[in-house]
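So the structure is just underneath, and the comments pick up after that.
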Amino acid sequence: MKSIAKFFIDNDKLTVVLSIGLIVLGLMGLGRMNSESFPAVSMATATIITSYDGATASDIETKITKPLEDEIRGVSGLKDVKSTSQSGLSTIVVRVDMDDPKVNVQESMSDIQKAIDRVTDLPKDLREAPTFTEIKSEEMPVLEMAIVGSNKNRKRDIISDQLKEEMEDDKNLKGVRLSGFAKRAFHVRLNLKAMRNAHISIDEVLAQVGNRNTNTPGGAIKSTDEQKLVRIEGKVKDYKELENLVIRSNFSGKTIFLKDIATVEDSLEEIKTRARHNGIESTLLIATKKGGADTLALVKSINEKIESAKKRYPEYQFYVYHNEGDKVQNRLNVLTSNAFSGLILVILFLFFFLPGKIGLAASLSLPLAIMGTTGLMPSFGMNLDTITILALVIALGMLVDNSVVISENFTRLRQAGMDPKEAATESVSSLWLPITATAFTT
């Protein structure tokens with residue numbers, strides 16, 4: 001170590017160039033790193049959720065949960081499989097044994113998905129296939145907000161859906177989940193007496209409604225110059241269209257409309273989850289980022305869209321009750337303030353107790369060490385998050401101590417009459433081992 005220290009002390013110009021290189025490397029590293037709440041770690045956990053409206057807990061258990069669970073348990077490398085069957089909902093939580101070095105988590109997750117796809121004896125009337133979701137630490141909610149205001153004619157829900165679509169235009173956003181939200185739905189309340197008098201069955205009504213509400217490709221019309229795609233748009237837009245739907249007609253001119261045998265309401269789907277903000281009914285939007293996305297940049301983009309929505313709908317209130325970007329920014333502020341205050345303290349104490357040049361030179365160790373570290377962090381797949389910022393703050397405190405100790409020892413040797421280069425070499429060679437040992441133990 002003495003020869004290494006002597007080399008850099010004797011070649012002072014090379015040392016200055018390398019120091020400048022560290023600063024440039026650090027600035028480049030800062031540009032490549034993202035700001036996140038927590039480091040990306042594998043949770044090795046997945047959920048399989050299946051909805052089956054109207055089914056009892058017993059039916060859910062026998063018809064959905066057990067077939068899925070039996071197939072999933074055949075996948076190798078699993079730690080445990082836990083399931084919950086309740087009325088209308090099946091939830092299965094699968095954990096992969098990430099402690100086993102022979103198990104590849106991603107391969108096991110892929111095998112679980114394939115196992116779900118192999119299950120073919122699920123109820124035929126399931127509206128949606130089982131939803132497989134791998135839980136990832138970096139795909140956590142970055143912003144949660146509530147929209148408060150009247151929901152007459154579904155206006156609040158429409159605003160929420162529009163804002164959701166605007167948010168999801170950001171490529172770094174995985175998705176936005178709505179809570180306390182109900183989709184538009186037409187309720188058809190049949191009059192059984194009128195249906196008996198007209199000799200119309202429920203199946204006939206269902207068939208006519210299904211045929212009316214459709215969106216079907218109709219092929220293509222080709223000419224010498226162009227080709228046009230044809231699509232049959234038959235989606236019902238309002239309840240008046242549905243009321244005037246022809247259920248049956250004959251050659252004598254008698255026509256039976258849906259309004260003759262039923263009452264049609266322009267209403268909402270059944271709300272299974274109601275949301276409130278400070279006791280007032282509201283619609284919640286929960287935004288989740290993609291893995292590796294910069295939290296600060298993403299939250300800034302979302303906030304701009306929220307501000308735009310506030311201007312368009314001044315009669316509604318938009319409350320952000322969870323903002324992960326603020327937490328990340330606070331942690332970065334802690335790092336910055338610690339670095340700045342540490343630098344100031346080192347300069348003040350060294351200038352007070354030691355000659356000016358020595359204090360100034362010693363204080364340069366703080367920014368150089370930080371820049372060198374941030375320059376190397378992207379190469380190891382690290383970002384600025386809770387763990388790395390905490391480590392940097394601790395390291396800054398240790399650097400302050402080390403700078404004072406080495407500078408004081410150098411000054412003492414100089415006062416004893418030793419040559420400056422010899423004093424610097426001796427200070428480094430005599431103190432590098434205890435200082436390094438202290439850093440490694442921390």
Side-chain angles (χ1 to χ4, degrees), residues 1-30 33 331-380 382 384 386-442:
M1 178 55 67
K2 188 172 183 178
S3 59
I4 295 175
K6 191 173 186 305
F7 172 79
F8 284 105
I9 291 169
D10 291 337
N11 298 277
D12 54 337
K13 292 181 180 179
L14 175 63
T15 305
V16 171
V17 171
L18 291 177
S19 300
I20 295 172
L22 278 178
I23 295 174
V24 173
L25 180 67
L27 293 174
M28 292 173 62
L30 285 172
M33 281 192 294
R331 295 185 187 110
L332 290 175
N333 291 340
V334 168
L335 174 63
T336 305
S337 62
N338 274 268
F340 183 75
S341 58
L343 180 62
I344 296 298
L345 285 173
V346 168
I347 293 174
L348 288 177
F349 280 106
L350 292 179
F351 269 76
F352 186 76
F353 292 106
L354 302 172
K357 289 182 180 180
I358 299 173
L360 180 62
S363 63
L364 291 175
S365 61
L366 285 176
L368 287 175
I370 290 296
M371 285 298 175
T373 304
T374 54
L376 292 175
M377 284 171 65
S379 302
F380 292 93
M382 296 182 182
L384 289 174
T386 304
I387 305 300
T388 56
I389 289 173
L390 176 63
L392 288 169
V393 169
I394 294 172
L396 278 173
M398 296 176 61
L399 280 171
V400 172
D401 300 339
N402 298 339
S403 296
V404 172
V405 169
I406 293 177
S407 301
E408 189 279 331
N409 189 56
F410 171 78
T411 304
R412 181 181 61 81
L413 294 176
R414 286 285 292 123
Q415 290 174 349
M418 190 175 287
D419 180 74
K421 290 186 177 181
E422 291 182 6
T425 305
E426 182 62 29
S427 295
V428 174
S429 61
S430 61
L431 293 173
W432 77 271
L433 187 57
I435 285 176
T436 303
T438 304
F440 273 119
T441 53
T442 303

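Keep in mind the model is a prediction, meaning the values are calculated, not measured.
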May I ask you to test the [X]-[Y] pair for a side-chain heavy-atom distance under 4.5 Å?
| X | Y | answer |
| --- | --- | --- |
| L27 | M371 | yes |
| T438 | N402 | no |
| L30 | M33 | yes |

So, taking the atom named [atom1] in [X] and the one named [atom2] in [Y], what distance separates them when rounded to the nearest 0.5 Å?
| X | Y | atom1 | atom2 | answer |
| --- | --- | --- | --- | --- |
| I370 | L399 | CD1 | CG | 6.5 Å |
| I394 | I389 | CD1 | CD1 | 12.5 Å |
| I4 | S429 | CD1 | OG | 11.5 Å |
| L413 | D419 | CG | CG | 11.5 Å |
| L368 | T373 | CG | OG1 | 10.5 Å |
| M382 | I387 | CE | CD1 | 11.0 Å |

What pair of heavy atoms forms the shortest contact from [X] to [Y], and how long is it?
| X | Y | result |
| --- | --- | --- |
| G372 | L22 | CA-CD2, 3.7 Å |
| W432 | T436 | O-OG1, 2.5 Å |
| G29 | P378 | O-CG, 3.6 Å |
| A5 | V428 | CB-CG1, 3.7 Å |

Whether S407 side chain and V404 backbone form a donor-acceptor pair below 3.5 Å: no
Sequence-distant partners of N409, side chain to side chain donor-acceptor pair (under 3.5 Å), two or more places apart: R412, S427
Donor-acceptor pairs are to be reported for all side-chain atoms of residues 9-18 against protein atoms at under 3.5 Å, with residues two or more places apart or in another chain.
from	atom 1	to	atom 2	distance (Å)
D10	OD2	K6	NZ	3.0
N11	ND2	F7	O	2.7
T15	OG1	F8	O	2.7
T15	OG1	N11	O	3.1

More than 12 heavy atoms from other groups under 6.0 Å of CE on M28: no
